[in-house]
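Working notes for the structure below.
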Amino acid sequence: MTNQRITAALAGAVALSLALAACSNGGTGSSSSSGGTVSSLSILDYYNNEPDKSLVQKGLDACASQLGITIQRETVPGADLIPKVLQQASSKTLPDVLMLDNPDVQQIAATGALAPLDELGVNADGFTKGIVDATSYQGKLYGLAPVVNTIALFYNTKTLADAGVQPPKTWDELRAAAKKLTKPGRYGIAFNANATYEGSWQFLPAMWTNGGEETNLTSPEVADALQLWVDLVKSGSASKSVINWTQGDVKDQFVAGKAAMMVNGPWNIPSLKETPNVKWDVVQFPVNKAGQTPIAPLGGEAWTVPLNKDQAKQQKAADFVKCLSSDTNELAWAKARFTVPTRTALGPEYVKEVPSMKAFSEQVANARSRTGKLGDKWPDAAKVIYQAIQLALTGQATASDAFKKASGG
C-alpha cells in the first residue's frame, strides 16, 4: 500500500497555502526564460529508500535521455513530502514535476497548483479506470501513474495443502479455512486492523466487495464486512493483536509461520523471495456472496506538473510525465518493483512474465480509488472506519453499532 500521508488537519493547511501560492506565482519558481529551450527539469518524489530509489531513477533517466534534458531530482521520506510541498509553495519553488500519492492528487489539484495534463496533450486513454478517477478533478486529468498496487490474500501453499484446505473464494470459506488452519503457535489469518489509515485500507476489500460505500458507513453491507473481521478475531482464527499490527507486522507473522494466510500487498514479494522455505501464492480477496466482484483499494503514486509561468518548461514537464507512462517504462517498473502496469492492454504480457502478480493484476482491474467518491473528504471517512474497527474488535460496540458510535451518533 501506499500510506495516506496526509491528515485532515494538514489537508486544510495544504489547500490554503497552495491556493495562495498558485494565485500569486503560478506555483513554481524554477523557470527558464519563457519560450526558450528547456534543458533541465526539477523533480520531487518520496522514493528515498533502496531499491525503489535506484529503480525509479532508471525510468527517470530514460525519459530524460529521450527528451534530451537533464534532471535535478530530490527525494524525501514519505511523511515529509506534503510538508515539503507546503514549504515550496510558500517560497514559490515547487518543482517542475511533482510525484504525489494518488489519494492526494485531487486535493492538490483543487488548490489550483497543478496544470491540467489534458490541456498539454496528455491523456489517460487505455489506463485502469480506478487510477484515472484518482488523478482527475472536475473532469480534468492532473496526473499519470505508471504503475499501481493493491491488496489481496496471500496463503502458505504447503500449510493449506497439508490441512486439505483450498484457497477460500467466499467469506464462509475464509472463516472455515482460517479456523481449520489455526493451531497452537499459528493463526489461520493475519491482517492489519490498527487505528491508522492503513487499518482502513485493509478493511476496504471486505467493505467494497460487499457493496458497502464510504458515503454510507452505517449501512448493513458495511456492518456485515466488519462482522467478518469480528468473527475471525472472536473465533481465535486471527490474533487480537491485529488492532495494533502494521502491514509489515502482518508480513512478519506470515513469514515466521505464525499465520497461514494474510491480507497484504505485492511490495512484500521481494522479502518473501528471500525466505524460500515459505511457499506461497495469492488469490483475490474472497466475496461474501456468489456473483459479487472482488474490489480492493488502489495504491500507487502519480506524477503531476505544477503550474509554471514558463509555458515551454511546463510543456516539457508534461511530455516527461507522459514518457514515464510509456509501455516500455510501465513494464520495466512493474517487473522491477512488483507493481501492476496501469495500461490495461499490458496486463497479459506482464502476468506472463511475472506470474506471481496474476492475482494482483486481476484485482487491479476492478480496484477503486479511495478518493473517487469523497475527494478530499476521504481522510474523514477513513478515520471513522478505523475507529469503528477498533470499537468492534475490542468489544466496545457491535459491528452494527460501531460505525454509528465512531461517527458520533
Side-chain angles (χ1 to χ4, degrees), residues 151-195 198-210 212 221-265 268 272 278-290 292 294 296 359 363 385-386 388-400 402:
I151 47 179
L153 186 69
F154 285 81
Y155 63 96
N156 186 306
T157 56
K158 185 177 186 305
T159 300
L160 266 68
D162 289 347
V165 172
Q166 294 296 315
K169 295 181 179 180
T170 67
W171 290 6
D172 284 344
E173 291 178 1
L174 179 63
R175 291 185 182 96
K179 184 175 182 180
K180 188 172 182 179
L181 292 165
T182 298
K183 69 176 188 178
R186 185 186 71 205
Y187 289 97
I189 188 169
F191 53 89
N192 166 348
N194 67 16
E198 220 175 63
S200 301
W201 154 271
Q202 285 232 328
F203 178 69
L204 290 176
M207 185 177 95
W208 281 344
T209 295
N210 198 43
E221 291 80 9
V222 176
D224 286 347
L226 182 52
Q227 188 64 52
L228 174 63
W229 261 205
V230 171
D231 290 346
L232 291 170
V233 172
K234 192 173 181 180
S235 67
S237 299
S239 171
K240 293 179 180 179
S241 296
V242 297
I243 63 171
N244 299 314
W245 283 347
T246 65
Q247 291 184 117
D249 295 331
V250 170
K251 181 264 295 180
D252 291 342
Q253 294 292 314
F254 185 76
V255 169
K258 295 180 180 179
M261 299 181 289
M262 71 169 176
V263 179
N264 227 318
N268 292 295
L272 289 174
V278 179
K279 307 300 180 183
W280 55 273
D281 205 343
V282 192
V283 291
Q284 292 192 71
F285 192 83
V287 300
N288 184 15
K289 303 172 184 176
Q292 290 179 331
Q363 193 86 70
I385 291 171
Y386 70 66
I389 294 170
Q390 291 279 306
L391 290 171
L393 294 187
T394 56
Q396 298 177 66
T398 63
S400 58

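Side chains are part of it too, since the values below use all heavy atoms of this structure and drop only hydrogens, waters and symmetry mates.
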- For Val287, does its backbone N or O pair with a side-chain atom of Lys169 as donor and acceptor, under 3.5 Å? no
- Atom pair CG (Asn288) and CG (Asn210), whose distance is rounded to the nearest 0.5 Å: 4.5 Å
- Find out whether Tyr386 and Trp201 are in side-chain contact, i.e. whether some heavy atom of one side chain is under 4.5 Å from a heavy atom of the other. no
- Message: Which heavy atom of Pro168 sits nearest to which heavy atom of Val283, and what is that distance?
- Response: O-CG2, 4.4 Å
- Message: Minimum heavy-atom separation for Ala152 and Val282, please, with both atom names.
- Response: CB-CG1, 3.7 Å
- Do side-chain atoms of Gln284 reach the backbone of Leu153 as a donor and acceptor pair under 3.5 angstrom? no
- Query: Atom CD1 of Ile189 and atom OG of Ser239: how far apart are they, to the nearest 0.5 Å?
  - Reply: 12.5 Å
- Item | Least distance between heavy atoms, Gly188 atom then Thr182 atom | N-OG1, 2.9 Å
- Task: Examine distances only and state if a side-chain atom of Arg186 and a backbone atom of Leu181 form a donor-acceptor pair shorter than 3.5 Å.
- Result: yes
- Query: Is the backbone of Ala193 close enough, under 3.5 Å, to the side chain of Gln390 for a donor and an acceptor to pair up by distance?
  - Reply: yes
- Message: Check this for me: Gln166, atom CD, are more than 12 non-hydrogen atoms of other residues, nucleotides or ligands nearer than 6.0 Å?
- Response: no
- Inter- and intrachain pairs under salt bridge (Lys or Arg N to Asp or Glu O under 4.0 Å), touching residues 238-260, at least two apart: none
- Note on the structure: Taken to the nearest 0.5 Å, the spacing of Ser237 OG from Leu232 CG works out to 6.0 Å
- Here the gap from Phe203 atom CZ to Trp208 atom CH2, rounded to the nearest 0.5 Å, amounts to 11.5 Å
- Identify the heavy atoms of Ala260 and Leu160 that sit nearest to each other, and give their distance. O-CD1, 4.1 Å
- Side chain Asn268, main chain Gly265, donor-acceptor under 3.5 Å: yes
- Task: Could you list the residues that satisfy side-chain contact (heavy atoms from CB on, under 4.5 Å) with Ala397, not counting sequence neighbours?
- Result: Leu391, Ala402, Lys405
- Item | Minimum side-chain heavy-atom gap Asn264-Phe254 below 4.5 Å | no
- Pairing residues for Trp280 by the ring pair (Phe, Tyr, Trp, His ring centres under 6.0 Å) criterion, not counting sequence neighbours: Phe154
- Do you know which two heavy atoms are closest between Val242 and Leu393, and how far apart they sit? CG2-CD1, 4.0 Å
- Under 3.5 Å, is there a donor-acceptor pair between the Gln253 and Trp245 side chains? no
- Item | By ring pair (Phe, Tyr, Trp, His ring centres under 6.0 Å) - contacts of Phe191 (at least two apart) | Trp229
- Message: Would you say Glu198 and Asn192 are linked by a side-chain donor-acceptor pair, where the criterion is simply a distance under 3.5 Å?
- Response: yes
- Task: Among residues two or more places apart or on two chains, list those pairs meeting salt bridge (Lys or Arg N to Asp or Glu O under 4.0 Å) that have a residue in residues 153-164.
- Result: Lys158-Asp162
- Quick one: are Gln363 and Pro294 in side-chain contact, heavy atoms under 4.5 Å? yes
Can I get a per-line list of side-chain donor-acceptor pairs under 3.5 Å for residues 221-228, giving both atom names and the distance, sequence neighbours left out?
unit_1, atom_1, unit_2, atom_2, d
Glu221, OE1, Ser219, OG, 3.3
Gln227, NE2, Asp231, OD1, 2.8

- Whether Thr209 side chain and Ala206 backbone form a donor-acceptor pair below 3.5 Å: no
- Is there a donor-acceptor pair closer than 3.5 Å between any side-chain N or O of Gln292 and the backbone N or O of Lys289? yes
- Message: Please find the pair of heavy atoms, one from Ala177 and one from Val165, that lie closest to each other, and give the distance.
- Response: CB-CG1, 3.5 Å
- Query: Is it the case that Asn244 and Asn194 place a side-chain donor and acceptor less than 3.5 Å from each other?
  - Reply: no
- Item | Asn156 vs Met261, side chain to side chain contact (heavy atoms under 4.5 Å, CB included): CA-CA, chis, key distance, verdict | CA-CA 6 Å; Asn156 186 306; Met261 299 181 289; over 6 Å; no
- Reported CD-to-OG1 distance for the pair Gln202 and Thr246, which is rounded to 0.5 angstrom: 9.5 Å
